[in-house]
Amino acid sequence: MVHECVDHDAPAGHADGRVAHGQPGAVPTRAERVAASAATGARDPDVAGVAAVVAIHSAHGFCGGLGLRSQWPATVHLASGERPSAPATSHHRTPAGVHAAGHQTPDPMSTPMIRTRFAPSPTGHLHIGSARTALFNWLLARKTGGVFILRIEDTDTDRNVPGADRQIIEDLRWLGLNWDEGIEVGGPHGPYYQSQRMDLYNAAIRRLLEAGQAYYAFDTSEELDAMRGEAEARKQAFRYPRPARLPDESDARRARDEGRPVVVRFKMPAEDITVHDEVMGDVTVAATELDDFIIRKADGMPVYHLANVVDDTAMGVNLVMRGQEFLAQTPRHIALQRAFGYPTPRYVHMPLTMDMKGRKLSKRDGAVEVHAFRQAGYLPETLLNFIALLGWSPGGDREKMTVAEMLELFSIERMNRVNSKFDRDKLLAFNTNAVAEASPERLSAGFDDWLAVNPDSPLSRAGLDAATRATLLEVNRGFRTFADIEHKSGFLYVDDEGISYDPAAVKKVLAKNDNAGFHMLAALLPQLEALEPWSTESIEGFIKGVCESQGVGMGNVAQPLRVAVSGTTISPAIYDTLVLLGKPRTLNRIRRALAINQ
RNA sequence: GCCCCCAUCGUCUAGUGGUCUAGGAUAUCAGGUUCUCAUCCUGAAGACACGGGUUCGAGUCCCGUUGGGGGUACCA
């Protein structure tokens, strides 16, 4: 019985033909822990309730992320001969692949379709750590034929940033993550902004109040701070002192009249609570560690814990995968669920992503938003591949994966418990590699996108035609990010007068050895003026001829030209550079360079 | 302070008691290719935090220490 539940609940690790963790003798340590917790969790009498809720749902259209359909594992082959459910067409199909390990006939009611969600608060662009959370939830939903929901948790009116929801949508779409229910696409459990679901929270809070499981409180922040200070002075953990007589409605009215803040606190039951986490195992928090936390703020908004629990249940979310920062909060959620008579979802808390100093990934350390990586010229699929490896690994030497492969390989049991550090160097290497292997079409689309999100780049301002964009991609082969193209070729698209000469480059390439570089330029100028036609071949022939006749190396000719034309020692191959620049501008820039020696 | 979680090269990780004198990637270093930058190729160096157990045998299981992280909000 227990194994049965466990196996059905496991969303992954089957489709790829691996040994299921329910099998005696082959049960790995991690799986044992996971199995034990899942089994205990399944005892919840209300699990069937979730199934009932879920069963009502009908499929919803996909919102069509960036070319995602083409990324589906159409050719994925699995050891078991199973195919992963094709998410694009069969949301509510029973995830047959999940039962492939072949135990007893599963009870459909005990294996609800997985419903996951990503619930960011709208404070700006999508954070890279949030993107990983979204990715894992998405992967799990997609690979099991489940549903992925996008909900906005905007209950903190102070922190909400107008337009942030649009930015988050844009970032998720760019990554290629789509959602079945949620903001913009709608769904049966909307609205998907918490600020528009106040009735639900108020009703829930009222229920608790009426049942004597919550009560009003009127402390000011100053009073609370003072109490905490006292507790600290006594070296005790602060716990909110529950009054002997719980304030009622009339007390609340009076407090309001007196201008005191009125909040509602949850009456935390005096019992230890165990979270059955599928990554961390069982985590028990003692009753003495939990106090009566606020569920409704003085401004009338629900606090995260309340809204989150109410919505997850209302939306049929049965698997909560989120950062480990929430693990210690989960007992509060479970207590709330019990008070409401809600089922407890499966919990998966994943390790956090830190910066290279081991601190929380913050802006200080460089780009931390998905959008910033987009502007920096990274490929979304590479970013996805990279962040998937933070806290998860497919095993073995495997690192490079397409989205389709991630879908095939992803599983909760391969999730780590250690926080990881975000290594930008490695990301860069990943992108370099991906760029080198990408098709011209992929690079072309990626470059176009980069130009669109970098409107101030000289490359964008130049309004390049498709042929030139393709040429730029070609002559810059070996670039690591699209921004490299600007770095290396941007000078082609600024005015001749806009070229400033890097003193170090001038010194090293033009002035050194008694102005050898300048002399070379002076000698080259009339010959280039006479050169016809102005093509890669003719320029190559000309420069090679000069090298030969003067008995000098390529560098002696190419470098002075490069500095003259770009102001730096960085540019595409010299023939390509001069052709792209064109004859008049090349000559003009050489004259300008010569002029700085006067 | 208190509670919880975690621990393999600098970093991401493989590792499921013997096949581990610990594998891959990235970073680093040394060579090489190249008209610059970047790419690319070859090689080197680099880790089981420490101390106890259990076991014929421990990177792997247990306990402790140390270190790191998270929580302790009218943030999420």
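In what follows, every chain begins at residue 1, and chains take the letters A, B, ... in the order their sequences are listed.
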Min side-chain heavy-atom separation A:Asp156-A:Lys297 under 4.5 Å: yes
Sugar-phosphate, base or nothing in reach of A:Met301, heavy atoms under 4.0 Å: nothing
Atom-to-atom span, NZ of A:Lys400 to C1' of B:rC12 - whole angstrom: 16 Å
Check: A:Phe326 ring centre within less than 6.0 Å of A:His349 ring centre: no
Atom-pair distance (CG on A:Asp291; C1' on B:rC2), nearest Å: 13 Å
Euclidean distance, A:Asp312 CG relative to A:Arg151 CZ, rounded to 0.5 Å: 4.5 Å
Sugar-phosphate, base or nothing in reach of A:Asp158, heavy atoms under 4.0 Å: nothing
B:rC4 phosphate, OP1 or OP2, under 4.0 Å from A:Arg417 side-chain N/O: no
Sugar-phosphate or base contact per nucleotide [nucleotides 27-50 of chain B; S, B, -; heavy atom under 4.0 Å]: S-------BBBBS-----------
A:Asp277 CG to B:rC6 P, straight-line distance once rounded to whole Å: 10 Å
Separation of B:rC75 P from A:Arg296 CZ (nearest whole Å): 14 Å
Short N-O contact, A:Glu405 and A:Lys400, less than 4.0 angstrom: no
Short side-chain N/O contact to B:rA73 OP1/OP2 from A:Arg228, under 4.0 Å: yes
Phosphate contact (B:rA76 OP1 or OP2) by A:Arg322 side-chain N/O below 4.0 Å: no
Sugar-phosphate, base or nothing in reach of A:Val263, heavy atoms under 4.0 Å: base
With 3.5 Å as the limit, what N/O pairs link the protein to nucleotides 66-71 of chain B?
unit_1, atom_1, unit_2, atom_2, d
B:rG69, OP1, A:Arg359, NH1, 3.4
B:rG69, O2', A:Asn419, OD1, 2.8
B:rG71, O3', A:Gln329, NE2, 2.6

Sugar-phosphate only, base, or nothing, as touched by A:Gly553 at under 4.0 Å among non-hydrogen atoms: nothing
Length of the line joining A:Leu389:CG and B:rU13:C1', which is rounded to integer Å: 8 Å
Touch class at under 4.0 angstrom, heavy-atom based, for A:Arg398 against every strand present: nothing
Axial cation check for A:Phe266 ring with A:Arg332, 6.0 Å and 45° limits: no
Per A:Asp397 side chain, nearest of listed nucleotides B:rC75, B:rA25, B:rG23: B:rG23
Same-atom distance (C1') from B:rG10 to B:rA47, integer angstrom: 10 Å
Set of side chain to side chain contact (heavy atoms under 4.5 Å, CB included) partners for A:Thr274, sequence neighbours left out: A:His276, A:Asp282, A:Thr284
Touch class at under 4.0 angstrom, heavy-atom based, for A:Pro120 against every strand present: nothing
Nucleotide nearest A:Ile294 when distance is taken to its side chain, options B:rA25, B:rC74, B:rA76: B:rC74
Plane angle bin for A:Tyr216 and A:Phe218 - parallel if under 30°, tilted between 30 and 60°, otherwise perpendicular: parallel
Inter-nucleotide P distance (B:rU13, B:rA49), Å rounded: 15 Å
A:Leu327 backbone acceptor or donor facing A:Thr330 side chain under 3.5 Å: yes
d(CG, A:Leu384; P, B:rC12) in whole Å: 20 Å
Touch class at under 4.0 angstrom, heavy-atom based, for A:Thr155 against every strand present: sugar-phosphate
Whole-Å gap separating P (B:rC3) and CZ (A:Phe238): 18 Å
